[in-house]
Amino acid sequence: MVGTADRNTEVAGVEGGVGLTALMVAAARAIETHRRDSLARDVYAEHFVLAAPAAAGWPVRIQQVPDGDANPLWGRFARYFGLRTRVLDDFLLRSVHAGARQVVLLGAGLDSRAFRLDWPAGCVIFEMDREGVLAFKHDVLDGLSAVPKAARVCVPIDLRADWVAALTDAGFDAAAPSVWLAEGLLFYLPSIAETSLIDTVDRLSARGSALAFEAKLERNLLDYRDSPIYTSTRNQIGIDLLDLFSREPRPDSAGELAGKGWSTSVHTPFDFTRWHGRGPLPESNDALAGNRWVFADKPRP
Ligand SMILES: C[S@@+](CC[C@H](N)C(=O)[O-])C[C@H]1O[C@@H](n2cnc3c(N)ncnc32)[C@H](O)[C@@H]1O
């Protein structure tokens, strides 16, 4: 049997394994971008999809999906990613306007925030992901002559290893406040790597820093194996998310941070659907039921 670690390293780029999930999220952002009531706009997202042979035939607009919003993958799940993008855009911008100037995107994938958000002067965006994913992203953005709206530093790394030296060698300053994002990342990592990542973020975070991450609380992920989201993702684009997720019991990362003095708040995505007036709402046999978005601040003295 292939373990999570092996599944993660099988394919280094976006053509398979966990890297392909970055393309799936890009397709969702492209669809969201073209909605009349879009929650987030990412004009780069469709270019990643169109450039990747692995995404051949994937939609970049909801009109290209025969059953439209009734499609669990390109309708409800894509809207989930649109909502997540918006909520975490808002978190990052709020955090930099509160003073942090270093932004670290952990498992950045095809996130184009460095290019599309209006960052205050002096911001630097560190993008950490595996080399093959960042290389694909570079090629596409380079082909578009895209210009980042802040200093941007790519840090190719496997986040299951020790990544402190890679980040500090890239110019990260642990003495200055920072804002961290782990969006759609932690559940792919072995439990011990998540614990170590959270501990590292704490160690590298000066007071005044902030972190947001996404977690899944289900005790047994397989309870939702037949949910519409997992089934359609498997059948329509060949991504078996449950095969990519770590099946180990998850650490209580929000609790860990609270124990280290961070103030934390934990939300369901549905809280934000209600806030924005659009997005996914709970349903039965719901693969999103255990998803939580956690926001943490390391208070100033
Ligand atoms: C679902 S994608 C999310 C990407 C991005 N955060 C977003 O929301 O668009 C998951 C990302 O995590 C990255 N990832 C997963 N395991 C990783 C690891 N061990 N080291 C570095 N990156 C990893 C994948 O390469 C992929 O880009």
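Model, not experiment: these values are computed from the prediction. When a ligand or atom number is given, it counts from 1 through the structure's own listing order. Side chains included, hydrogens not; waters and symmetry mates left out as well; all remaining heavy atoms used.
The proximity of L159 to ligand 1, defined as any non-hydrogen pair under 4.0 Å, involves the side chain as well as the backbone. Within the 4.0 Å heavy-atom criterion, neither part of L105 lies near ligand 1. For R29, every heavy-atom contact with ligand 1 shorter than 4.0 Å involves the side chain, none the backbone. With a heavy-atom cut-off of 4.0 Å, M128 does not touch ligand 1 at all. The proximity of A108 to ligand 1, defined as any non-hydrogen pair under 4.0 Å, is limited to the backbone.
Atom 6 (N) of ligand 1 has its nearest heavy-atom neighbour, among G107, G109, G184, in G107. Looking at D111, I239, L241, L185 and measuring to atom 23 (C) of ligand 1, the nearest heavy atom belongs to L185. Of the candidates V25, D129, L186, the one placing a heavy atom closest to atom 13 (C) of ligand 1 is D129.
When side chains are defined from C-beta on, L167 does not count as touching I157, because their heavy atoms never get closer than 4.5 Å.
Taking the six-membered ring for Trp, F77 and F81 have ring centres closer than 6.0 Å. F213 and W180 have their aromatic ring centers separated by at least 6.0 angstrom.
Looking at residues two or more places apart in sequence or on another chain, you find no salt bridge (Lys or Arg N to Asp or Glu O under 4.0 Å) involving R219. For F270, there are no ring pair (Phe, Tyr, Trp, His ring centres under 6.0 Å) partners two or more places apart in sequence or in a different chain.
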